[in-house]
Engineer: 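Encoded as structure tokens, here's the structure I'll be asking about.
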Amino acid sequence: MLDKARTLPVDQVFMDIEDAVAPLAKPQARKNIVAALNEGGYESKIRAVRVNDWTTQWTYSDVIEVVEGAGANLDAIMLPKVQTADQIIALDLLLTQLEKSNGLEVGGIGIEAQIENALGLINVDAIAQASPRVETIIFGPADFMASINMKSLVVGEQPTGYDTGDAYHYILMRILMAARAYNKQAIDGPYLQIKDVEGFRRVAGRSAALGFDGKWALHPGQVEAANEIYSPDQQDYDHAEMILDAYGYFTSASGGAKGAAMLGDEMIDEASRKMALVMAAKGRAAGLTRTQQFVVPE
Ligand code: GLV
Ligand code: MG
């Protein structure tokens, strides 16, 4: 898996020492991760390591071993089951000491905070602001479902009996609001039925529609769908670039210095420009190229 990850078209790889690693295997997992990071090959992606959460006996050893061993080849520590801002501060302090003692840039290693239980969710605003290192707020649906006693074992799918709305709507929106308020990325968590790519698409489509930035892939088979779902489609991307060009023209002196104008049958104004900026940035980041050009009206 560590080798395969080098070859995949993903934005980030994270290597796990938490729930995908049995307690007896954790010491060896730390060593494998340090060796893989130092061997390299992941440089085109964000490189993160998920350590164990602060309620276990492992967190400090995970962080120390990974940062001392491979801190120069690491972009972020993912902290699972974050419940309070203090837990972020504790990691921030430990990282600062490790960076100083290992000759690394202070503040260089980011923190990705996983929200996986009720206490974490109600504290998510404080968690997002607890350190400038926090880059990402991640939803951990499996642990979260366990934490709130949701009556289902199928992660991300609607629990049987909940026949109205989306059972995850509040949780996703709560995380998204904290992320947007404090300028963090909002990331959706795993979909465990790895052979069911349609299921992955369905669940990913919901958080993508709300505005989430991405989702975990547990298996290479989920990567293509994730890249597609969290990127704008060609039509929306073209439309966004058209709005930007048209609004730039209409607000200029030669376009009449208008605040609101018509693009075809659609009225566009400053708010349209803001929406278009988001869509265009995502499309450019995904490598889309435009297929339509704005033509100045006669
Ligand atoms: C991920 O860690 C999850 O619990 O869903
Ligand atoms: Mg979890």
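Nothing fancy with the numbering, it's 1 onward along the sequence. Note that ligands are numbered from 1 as they come in the structure, with each ligand's atoms numbered from 1 the same way.
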Engineer: With side chains defined as the heavy atoms from C-beta onward, is the minimum distance between I111 and V82 less than 4.5 Å?
Structural biologist: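 The answer is no, as the side chains (C-beta and beyond) never meet within the 4.5 Å cut-off.
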Engineer: I'd like to know if the side chain of N52 and the backbone of T56 have a donor-acceptor N/O pair within less than 3.5 Å.
Structural biologist: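 Not at all, since once roles are kept as given, no pair shorter than 3.5 Å links the two residues.
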Engineer: Below the 3.5 angstrom mark, is there an N/O of Q114, backbone or side chain, next to an N/O of ligand 1?
Structural biologist: yes
Engineer: Are any of the N/O atoms in P141 less than 3.5 Å from those in ligand 1?
Structural biologist: yes
Engineer: Sequence neighbours left out, what passes ring pair (Phe, Tyr, Trp, His ring centres under 6.0 Å) with W54? Give chain and number order.
Structural biologist: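 Partners of W54 by the ring pair (Phe, Tyr, Trp, His ring centres under 6.0 Å) criterion come out as none, since no residue qualifies.
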Engineer: Polar-atom distance check: W216 versus ligand 1, any N or O pair below 3.5 Å?
Structural biologist: no
Engineer: How does M145 reach ligand 1, by side chain, by backbone, by both or by neither, if only non-hydrogen atoms under 4.0 Å count?
Structural biologist: neither
Engineer: How many protein N, O or S atoms are found at a distance of less than 2.8 Å from the Mg ion (ligand 2)?
Structural biologist: 2
Engineer: Name the orientation class of the two ring planes belonging to F250 and F294 (parallel below 30°, tilted from 30 to 60°, perpendicular beyond 60°).
Structural biologist: perpendicular
Engineer: Can you tell me the protein heavy atom closest to atom 5 (O) of ligand 1 and the distance?
Structural biologist: A142 N, 2.7 Å
Engineer: Which of the atoms in ligand 1, numbered in the order shown and given with their element, are less than 4.0 Å from a heavy-atom of P190?
Structural biologist: 1 (C), 5 (O)
Engineer: Of R50, Q185, Q12, K184, which meets side chain to side chain donor-acceptor pair (under 3.5 Å) against E112?
Structural biologist: Q12
Engineer: Run the ring pair (Phe, Tyr, Trp, His ring centres under 6.0 Å) test against Y230 and tell me which residues pass, sequence neighbours left out.
Structural biologist: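 Y230 satisfies ring pair (Phe, Tyr, Trp, His ring centres under 6.0 Å) with no other residue.
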Engineer: Looking at R50, which atoms of ligand 1 are within less than 4.0 Å of one of its heavy atoms?
Structural biologist: 2 (O)
Engineer: What pairs meet the salt bridge (charged side-chain N to carboxylate O under 4.0 Å, His left out) rule with one or both residues in residues 245-265, with sequence neighbours excluded?
Structural biologist: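 Applying salt bridge (charged side-chain N to carboxylate O under 4.0 Å, His left out) to every pair that reaches into residues 245-265, excluding sequence neighbours, yields D245-R290.
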Engineer: Return the residue, atom name and 0.1 Å-rounded distance of the protein heavy atom closest to atom 3 (C) of ligand 1.
Structural biologist: E116 OE1, 3.4 Å
Engineer: Establish, from distance only, whether the side-chain atoms of D238 and Q234 form a donor-acceptor pair under 3.5 Å.
Structural biologist: yes
Engineer: Is the positively charged end of K151 above the ring of Y162, judged by distance under 6.0 angstrom from the centroid and angle within 45° of the axis?
Structural biologist: no
Engineer: Number the atoms of ligand 1 from 1 as they appear, then name those within less than 4.0 Å of a heavy atom of D143, with their elements.
Structural biologist: 3 (C), 4 (O), 5 (O)
Engineer: Would R202 and E157 count as a salt bridge (charged side-chain N to carboxylate O under 4.0 Å, His left out) if you check the C-alpha gap in whole Å, the side-chain angles of each, and the deciding distance to 0.1 Å?
Structural biologist: CA-CA 9 Å; R202 192 170 57 245; E157 297 289 359; 2.6 Å; yes
Engineer: Numbering the atoms of ligand 1 from 1, which are under 4.0 Å from a heavy atom of G140?
Structural biologist: 1 (C), 3 (C), 4 (O), 5 (O)
Engineer: Could you check whether any heavy atom of K81 sits closer than 4.0 Å to an atom of ligand 1, since that is the contact criterion I want to use?
Structural biologist: no
